[in-house]
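The structure appears below as structure tokens.
Residue numbers begin at 1 in each chain, while the letters A, B, ... track the order of the sequences. Fair warning: this is a prediction, and the values are worked out from it, not measured in the lab.
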Amino acid sequence: MEERLKLLIAEILDLPVDDIAADMNRQRTPEWDSLNHLRLITACESEFDIALTMDEIAAIHTPQHLEMIIDSRSIGRG
Amino acid sequence: MADVRPNVERPTTYTTVHEVLNSECESAFARYRKLTFADATFMRFALFELATIFLLPANGGVGLWLRKKLLRHFFGAFGRSAIIGRNCVFRHPNRIFLGDSVTVDDNCLLDARGCGSEGLHIGDHTIVSRGCTIKSKAGGIRIGRRVNIGGATQIISHSGIGIGDDVGIGGACQISGGTFAIQEFSKPPAQRTPVSNGPIEIGSGAWLATGVLVLDGVRIGEGSVISAGSVVTQAVGPRCVAQGIPAKKVFTLR
């Protein structure tokens with residue numbers, strides 16, 4: 001996982017960076033509640049200069065999935 | 001959006017319940033009547049008192065049916081299929097307007113004392129859950145259609161409250177607020193003049209989670225979400241997610 005994204009997730013969820021794994025699940029991480037999810041999305045949109053739809057936001061459950069969406073947007077921009 | 005005019009430029013003051021109760025010019029009966037059903041004739045007031053004694057505590061389906069059939073005559077409007085739970089308290093029912101299929105659960109207080117001609121309106125299919133207080137000290141209250149008001153919520157108008165359609169209000173919310181005139185801080189609190197910064201407006205489709213406090217003069221935009229335990233002190237735009245004390249926008253829904 002990209003270091004920038006890892007740091008961002010750690011900062012928003014207030015967790016040690018080492019605890020952030022690509023497959024950590026939103027439903028099994030108490031710190032990743034609905035508000036922190038929205039904060040994370042806002043931070044990612046700002047950091048990576050992308051915009052997500054509400055459907056995409058609702059579907060994201062792991063850092064891996066989030067990274068995949070960010071990457072696809074970056075590739076799309078060329 | 002409910003029709004409540006903003007009045008944020010000039011704070012509103014009003015007569016307090018203490019002023020009515022402590023009036024030495026009137027008998028205790030006159031003061032009680034003023035606080036419960038001021039506009040009614042003596043006969044109508046007496047009938048309402050009887051209804052209060054015998055109908056409001058009645059149990060079961062028979063109690064619900066009797067309240068539906070007999071209480072309607074005291075209300076400003078009483079829509080079809082409205083349901084009134086046990087042990088509710090209604091003050092100035094002639095200024096209370098209930099839409100069709102409104103449900104008022106047990107132990108609620110609906111007090112339209114300060115509504116004047118604007119009244120206390122509750123729209124069709126709205127549910128007022130157990131133990132809620134909806135009260136006007138001054139200004140009208142308009143609650144839209146299909147609103148769900150969670151248990152033990154207090155909606156207290158100091159200069160008008162408007163709640164749009166399809167609003168979700170969690171349990172134990174407080175939609176109220178108001179302060180005292182700042183130049184009177186030398187007086188004891190009970191003697192100070194209450195002041196409101198204007199009406200509260202909550203746009204259609206908004207959702208207030210459990211335990212939200214909304215202060216006077218605040219407008220919450222349509223479709224916004226306020227997270228649990230937040231205190232809303234300033235306007236929140238449409239489709240915003242806001243959180244904290246004071247509530248701040250954390251996200252815009254799209």
Residues in side chain to side chain donor-acceptor pair (under 3.5 Å) with Ser227(B), at least two apart? Ser230(B)
For the pair Arg86(B) and Asp106(B), find out whether any cationic side-chain nitrogen is under 4.0 Å from an anionic carboxylate oxygen. no
Flag the pair Asp111(B) and Lys135(B) as a salt bridge only when some basic side-chain nitrogen lies within less than 4.0 angstrom of an acidic carboxylate oxygen. no
May I ask you to test the Phe48(A)-Arg4(A) pair for a side-chain heavy-atom distance under 4.5 Å? yes
Please determine if Glu56(A) and Arg73(A) form a salt bridge, counting it only when a charged side-chain N lies under 4.0 Å from a carboxylate O. yes
Which residues, numbered in order, of residues 238-254 of chain B come under 4.5 angstrom of chain A by heavy-atom distance? Val241(B), Gln243(B), Val250(B), Phe251(B), Leu253(B), Arg254(B)
Establish, yes or no, whether a centroid distance under 6.0 Å links the rings of Phe78(B) and Phe97(B). no
Report which part of Leu38(A) has an atom under 4.5 Å of a heavy atom belonging to chain B: side chain, backbone, both, or neither. both
